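All of these numbers come straight from a predicted model, not from anything done at the bench. A, B, ... follow the sequence lines: proteins, then strands. Residue 1 opens every chain.
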Amino acid sequence: MAKNNEKAFVQDITPMEEDFSRWYTDVVKRTELMDYSDVRGCMVIRPYGYGIWELIQKELDTRFRETGHENAYFPLFIPESLLKKEAEHVEGFAPEVAWVTRGGNEELQEPLVVRPTSETIICSMYARWIQSYRDLPVLINQWCNVVRWEKSTRPFLRTSEFLWQEGHTAHATYDQAQEETMQMLRVYRDFAYNAMAIPVLTGQKTEKEKFAGARDTYTMEAIMHDGQALQMGTSHNLGQNFAKVFDIMFLDKDGQRKYVWQTSWGASTRLIGGLIMVHGDNRGLKLPPRLAPIQVIVVPVAAHKEGVLDAANEMVGVLKRAGIRVKMDTRDQTPGWKFNEWEMRGVPIRLEIGPRDIQSQQVVLVRRDTHEKKSVTMDGLAHQVQALLADIHDNMLNTATEHRNAHIFEAQNKAEVLEAVDGKKGFAYTAWCGERSCEEKFKTECGISSRCMPFDVQQLAQGKVCALCGKPATQMIYWARAY
RNA sequence: CGAGGUGUAGCGCAGCUUGGUAGCGCGUUUGGUUCGGGACCAAAAGGCCGCUGGUUCAAAUCCAGUCACCUCGACCA
């Protein structure tokens with residue numbers, strides 16, 4: 001055993017301090033979350049990764065339904081003419097759309113784009129469906145794939161094709177649309193905290209960073225372990241931009257024909273990348289219990305010995321009946337090998353059961369987040385496990401919150417912003433003049449972008465000056481390097 | 001798309017400069033001994049050396065093209 005400790009394991013994960021992006025790719029690959037196909041930048045989501053996605057879908061869908069939304073499905077292909085209707089929207093997406101120009105052996109009369117997002121095709125349908133104020137609001141979500149032909153790709157964070165959900169709603173008034181936009185941002189925020197255990201920052205995007213075609217964009221942003229920002233979900237108030245070009249009108253109570261007010265909101269498989277980069281450590285993945293495809297892994301020790309497998313099976317049954325996602329590892333490997341394997345894969349709880357435990361009517365319970373190990377009795381095991389899963393969630397959220405708080409730095413001038421972002425590897429929080437040219441200049445010169453303008457603190461900017469250009473400030477804002 | 005780098009067994013890599021039988025470690029398969037933090041012994045299987053073309057008696061190796069991936073920029077969920 002001693003000689004093995006000295007042995008360098010060829011396939012160990014690169015330490016995250018050494019090279020964060022190498023660490024990230026190692027984790028994705030070794031935990032079998034996804035793989036690249038032969039098509040440029042298109043990912044194959046493997047069963048373990050897809051299991052996480054299914055849980056994300058479940059958590060989000062529950063929240064969407066609670067807030068009155070329904071699921072539907074719209075076409076993959078969008079006629080060129082539809083995409084081109086809204087000027088800003090086309091301009092934003094044109095560089096990255098994939099085209100279909102042939103069907104069978106025939107050249108298509110009108111080329112089709114593979115949807116990069118579905119506003120246009122959905123609006124074309126809403127124009128037919130909406131006639132009266134009685135038809136409003138329309139509250140529809142769709143789960144689908146979209147394609148954006150990006151120049152460079154990264155696992156989960158930026159792939160040519162990705163899975164997401166996009167909600168599209170139409171309302172009678174601006175206020176209702178705005179309330180919907182904010183409600184969905186709250187839904188995402190709730191999901192981030194309570195399912196992903198990720199403390200996000202929410203706020204409004206600047207003119208420069210907002211969605212192509214939106215009136216206002218709101219976002220939730222998270223700080224990754226290396227201090228870079230990841231946009232994890234967005235909610236847009238589209239105003240009447242799309243309604244006007246797609247002619248979505250309704251006859252209101254007052255007898256007037258009016259354009260509808262719209263919103264759209266989305267979150268993608270990128271969330272999985274966020275999970276990895278916020279919670280992961282040098283042993284690999286660390287999954288928040290609510291999104292763990294396997295919440296408890298049972299490792300029988302000396303499984304060939306009398307009674308071990310029976311006891312393990314019984315325990316699996318008890319946990320399953322309690323609604324816990326549990327799996328037993330019966331592979332022919334040494335226990336230590338399995339411990340490492342499941343820690344790498346991020347399973348929140350490990351239960352070890354062997355001859356000694358059977359004698360003492362106990363099992364060994366180990367948590368992934370703290371590596372704390374204790375013996376517990378078989379009685380009331382399911383309850384203990386459930387309580388522990390809840391505790392692990394809380395602890396992961398706390399740890400991530402501490403990390404977030406320790407990586408946000410108030411900055412008064414450009415040097416301090418750069419020090420916060422590049423020196424201390426975090427977000428800079430500053431007063432800002434609100435001018436697009438100032439923001440663009442900074443982005444071009446330093447590669448640092450605005451993340452969001454937080455709510456309820458904007459009055460703090462009064463009397464301050466912009467940290468970047470020194471003009472009078474109008475906003476408080478976060479800056480960071482972004483994925 | 002600009003600059004650089006890499007494609008050799010499932011994974012990680014050596015071999016290439018100076019052409020001449022396809023190598024190593026881990027993993028895999030089979031049998032046995034093991035099993036409480038990455039086990040051991042024995043035997044075995046596994047390669048269009050990314051792809052296409054060229055030079056040559058002979059190409060993993062030299063040349064050209066092409067595709068994919070990685071890093072850094074620009075762009076984006």
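- Under the Watson-Crick and G-U wobble criteria, each requiring two contacts below 3.5 Å, nucleotide B/A45 is left unpaired.
- When Watson-Crick and G-U wobble pairs are counted only if both distances are under 3.5 Å, B/G23 pairs with B/C13.
- Contact annotation for A/Ser152: base contact, defined as any heavy-atom pair under 4.0 Å involving a base atom.
- Residues A/His69 and A/Glu180 bring a donor and an acceptor atom of their side chains to less than 3.5 Å of each other.
- Put simply, the side chain of A/Arg350 and the base of B/G37 share a donor and an acceptor less than 3.5 Å apart.
- Donor-acceptor pairing under 3.5 Å is lacking for the side chains of A/Thr181 and A/Trp265.
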Q: Tell me, with the steps shown, if A/Phe211 and A/His89 meet ring pair (Phe, Tyr, Trp, His ring centres under 6.0 Å).
A: CA-CA 8 Å; A/Phe211 175 72; A/His89 188 68; 5.7 Å; yes
Could you give the side-chain donor-acceptor pairs of residues 51-59 of chain A under 3.5 Å, partners two or more places apart or in another chain?
from: A/Glu59; atom 1: OE1; to: A/Arg63; atom 2: NH1; distance (Å): 2.8
from: A/Glu59; atom 1: OE2; to: A/Arg290; atom 2: NE; distance (Å): 3.2
from: A/Glu59; atom 1: OE2; to: A/Arg290; atom 2: NH2; distance (Å): 3.2

Q: Mind running ring pair (Phe, Tyr, Trp, His ring centres under 6.0 Å) on A/Tyr188 and A/Tyr193 for me, showing each step along the way?
A: CA-CA 9 Å; A/Tyr188 284 140; A/Tyr193 275 81; over 10 Å; no
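- Judged as a salt bridge (Lys or Arg N to Asp or Glu O under 4.0 Å), the pairs with a partner in residues 216-236 of chain A (not counting sequence neighbours) are, in order, A/Lys205-A/Glu221, A/Glu221-A/Arg451.
- A/Gly274 comes within 4.0 angstrom of no nucleic acid atom, judged by non-hydrogen atoms across all strands.
- Place A/Lys305 and A/Glu209 on RNA chain B by their nearest nucleotides, and A/Lys305 ends up nearer the 5' end.
- Across all strands, A/Pro355 comes closer than 4.0 Å to base atoms (heavy-atom distances).
- The base of B/G37 does not come close enough to the side chain of A/Glu341 for any donor and acceptor atom to sit less than 3.5 Å apart.
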Distances for protein N/O vs nucleotides 2-8 of chain B N/O pairs under 3.5 angstrom?
none

Which donor-acceptor pairs under 3.5 Å do the side chains of residues 345-358 of chain A make with protein atoms, sequence neighbours left out?
from: A/Arg345; atom 1: NH2; to: A/Glu32; atom 2: OE1; distance (Å): 2.9
from: A/Arg350; atom 1: NE; to: A/Glu352; atom 2: OE2; distance (Å): 3.1
from: A/Arg350; atom 1: NH1; to: A/Glu343; atom 2: OE2; distance (Å): 3.0
from: A/Arg350; atom 1: NH2; to: A/Glu352; atom 2: OE2; distance (Å): 3.0
from: A/Asp357; atom 1: OD2; to: A/Gly354; atom 2: N; distance (Å): 2.8

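- Judged as a side-chain contact (heavy atoms from CB on, under 4.5 Å), and not counting sequence neighbours, the contacts of A/Cys144 are A/Tyr73, A/Arg115, A/Gln142, A/Val146, A/Trp164, A/Glu166.
- If you check B/C76, B/C11, B/G37 against the side chain of A/Lys29, the one that comes closest is B/C11.
- Using a 4.0 Å heavy-atom criterion, one finds that A/Thr159 contacts the bases of the nucleic acid, with or without backbone contacts as well.
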If you restrict it to nitrogen or oxygen atoms, what contacts under 3.5 Å exist between nucleotides 28-31 of chain B and the protein, and what is each distance?
none

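- In the model, A/Trp261 has no side-chain atom that pairs as donor or acceptor with a side-chain atom of A/Asn237 under 3.5 Å.
- No engagement by A/Arg331 is indicated, since no non-hydrogen atom pair under 4.0 Å with the nucleic acid exists.
- Counting only heavy atoms from C-beta on, A/Arg40 has its side chain closest to B/C69 among B/C35, B/C70, B/C69.
- Partner assigned to B/A64 is B/U52, using Watson-Crick or G-U wobble distances below 3.5 angstrom.
- No donor-acceptor contact under 3.5 Å links the side chain of A/Lys338 to the base of B/G36.
- The side chain of A/Thr334 contributes no N or O atom lying less than 4.0 Å from OP1 or OP2 of B/C35.
- Here B/C72 sits opposite B/G2 as a Watson-Crick or G-U wobble pair (both hydrogen-bonding atom distances under 3.5 Å).
- Each of A/Arg22 and A/Arg148 lies near RNA chain B, and the nucleotide nearest A/Arg22 is the one positioned closer to the 5' end.
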